[in-house]
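To start, the structure under review is shown below, and the notes come after it.
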Amino acid sequence: MPADLAVIGLGHLGMPLAQAAVTAGIPTVGYRTGPDAGSLTAAELRRMHASGFRITSGPAELGRVRTAVICSPTPRDEDGTLDLGQVEAAARALASRLRPHTTVILESAVYPGTTEDFLRPLLEEGSGLRAGRDFHLAYSPSRVDPGNRGFSPANTPKVIGGLTPACTESAAAFYGRLTDKVVRARGPREAETVQLLETNYRHVNIALVNEMAVLCHELGVDLWDVVRCAETKPFGFQAFRPGPGVGGHTVPLDDLGGPLGPAGGRRLRMVELAQQVNDDMPQYVVQRAAALLNEHGKSARAARVLLLGVTYKPDVADLKGSPAHEIAVRLTELGASISYHDPLVHSWSVLDRPVPRADSLYEAVAEADLTILLQHHRTYDLQGLSVKAQLLLDTRGAAPTGAAHRL
């Protein structure tokens, strides 16, 4: 049977969308543009295939669908600008097969203006069709939150901005099959800027609470108790919690002076500062670790340090952007002997060398001079681990009060 939907790009954005579509009963084909980087389990993939989901690298499939959603990753270049190369490749593959009346939606994280000024010309030139007249074109920011059990595509509102009102309604009709609520933006630029605001909002607020963590440690104030009390305010406050750094696939965008940015370049100064604060957290964790060891008569050099949880998010087997890597590098540079435990990561390398994985968690904790909790996976019994640990630095505020040294 021909598919109704083609998901182009099977990474951290594409695979969850494909899963939601298959669950909703939409015949779906996945178009592979590079290495898969989705977080679905083997069992979830088997269920999708059993429901008719197919993966292909042949562009011919793209000419048989009613809706095509581009979910290609947009990593940062060395100069900090977004690399739209995979979006371009996806657009060219789709354009050569694009049929009239198809709805094309972009979900990748991009600069405001990308849908109209970058994607539209590629599709029109490659197909000979005109967006808004011969096919529908829209942008919808992805709202994927891996591991979140409370929110799924079905109960997460979807924002849509189409090139024309008809484009918006066509995209809304598609997403209406997946979610309970569709929110119509004024246009694609507004929808693209929603993604920018949501991502930067998260990073700015994490940076604020990370700075508060450093301040509170210097003042001898229990930050975690401060946050606990502050979040009882029913208005004007949303609780964020500090950590050893910020990982994940979606990075803050402070420089809008890229190829599609405003003339002359426009920087979001608060976002730029927030990124600096968050980028400094791994080094702060290492400083705290060295100080703890010193306070207990030990040196970081030759100290046995166990890292607990090296993924970027709890209960998600994804290492993208995890601060654990930089922390391990800096501890190694101090001469520490590093090992790790993570129930979801069975091999891990730092500086091109494999890091020893603890087979017996409790024995490893007991033997380590310092244990650092970097990610609080559900399987960790922090009460029991804190009893076994010689020293425990809790960067997530997850251990019982008084059972560990908190960030």
Side-chain angles (χ1 to χ4, degrees), residues 9-12 15 32-42 72-83 85-86 146 243-252 275-276 278-290 292-293 298-361 363-365 367-377 380 393 395-396:
L10 301 178
H12 70 285
M15 286 306 294
R32 181 181 283 124
T33 59
D36 298 347
S39 58
L40 303 187
T41 65
S72 302
T74 52
R76 282 182 181 267
D77 284 331
E78 291 184 3
D79 61 359
T81 60
L82 296 181
D83 181 357
Q86 294 187 59
V246 183
H249 297 265
T250 305
V251 296
Q275 187 170 2
Q276 292 173 5
N278 291 331
D279 287 348
D280 288 343
M281 288 307 291
Q283 173 61 19
Y284 177 69
V285 170
V286 172
Q287 291 172 355
R288 288 285 306 277
L292 268 177
L293 287 166
K298 298 177 182 179
S299 169
R301 181 170 297 279
R304 295 165 297 181
V305 179
L306 174 67
L307 305 181
L308 294 186
V310 296
T311 61
Y312 89 88
K313 193 173 185 183
D315 307 312
V316 173
D318 194 335
L319 293 166
K320 179 67 175 181
S322 171
H325 183 272
E326 183 180 346
I327 290 169
V329 168
R330 291 183 177 274
L331 286 170
T332 300
E333 290 172 346
L334 291 178
S337 176
I338 304 298
S339 60
Y340 85 99
H341 180 276
D342 194 303
L344 303 176
V345 179
H346 300 290
S347 63
W348 186 45
S349 294
V350 171
L351 298 174
D352 296 324
R353 293 192 296 270
V355 180
R357 184 178 188 273
D359 294 322
S360 175
L361 175 58
E363 288 182 13
V365 168
E367 293 173 359
D369 297 309
L370 172 64
T371 299
I372 306 178
L373 177 70
L374 297 179
Q375 199 55 265
H376 182 208
H377 295 304
Y380 286 151
L393 176 57
T395 70
R396 297 293 180 178

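In terms of heavy atoms, Thr74 sits closest to Leu82 at O-CD2, 3.6 Å. Taking both residues in full, the closest heavy atoms of Gln86 and Pro73 are given as OE1-CG, 3.3 Å, listed atom of the first, atom of the second, then distance. In terms of heavy-atom proximity, Ala289 sits nearest to Leu331 at CB-CD2, 4.4 Å. The nearest pair of heavy atoms linking Ser349 to Pro354 is OG-CA, 3.7 Å. Annotation for Ser347 and Val345: closest pair O-CG1, 3.3 Å, computed over non-hydrogen atoms. The shortest non-hydrogen separation linking Pro244 to Pro323 is O-CB, 3.6 Å.
Taken to the nearest 0.5 Å, the CZ atom of Arg330 stands 13.0 Å off from the CD1 atom of Ile338. Atom CD1 of residue Ile372 and atom CG of residue Leu307 lie 5.5 Å apart, to the nearest 0.5 angstrom. Taken to the nearest 0.5 Å, the CD atom of Gln375 stands 4.5 Å off from the CZ atom of Arg396. Atom CG of Leu306 and atom CG of Asp369 lie 11.0 Å apart (nearest 0.5 Å). From Leu319, atom CG reaches atom OG1 of Thr311 across 7.0 Å, with rounding to the nearest 0.5 Å. Interatomic distance, NZ of Lys298 versus CZ of Arg304, reported as 7.0 Å (0.5 Å rounding).
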- Task: Show your reasoning for whether side chain to side chain contact (heavy atoms under 4.5 Å, CB included) applies to Leu308 and Asp342.
- Result: CA-CA 6 Å; Leu308 294 186; Asp342 194 303; over 6 Å; no
- Query: Could you walk me through whether Trp348 and Arg357 pass the side chain to side chain contact (heavy atoms under 4.5 Å, CB included) check?
  - Reply: CA-CA 8 Å; Trp348 186 45; Arg357 184 178 188 273; over 6 Å; no
- Leu334 and Arg301: CA distance, side-chain angles, deciding distance, side chain to side chain contact (heavy atoms under 4.5 Å, CB included) verdict: CA-CA 6 Å; Leu334 291 178; Arg301 181 170 297 279; over 6 Å; no
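Classification of the Tyr380-His341 ring pair by plane angle, with boundaries at 30° and 60°, yields tilted.
Counting non-hydrogen atoms of other residues, nucleotides and ligands closer than 6.0 Å to CD of Glu363 gives a total of 12 or fewer.
When atom types are taken as modelled, the side chain of Thr332 and the backbone of Ala328 share a donor-acceptor pair closer than 3.5 angstrom. Panel note: side chain Ser339, backbone Ala358; no donor-acceptor pair is recorded below 3.5 Å. Between the side chain of Tyr340 and the backbone N or O of Ala324 there is no donor-acceptor pair closer than 3.5 Å.
Using modelled atom types and a 3.5 Å distance limit, the side chains of His12 and Asp318 yield no donor-acceptor pair.
You'll find the side chain of Leu370 reaches within 4.5 Å of the side chain of Leu393, heavy atoms only.
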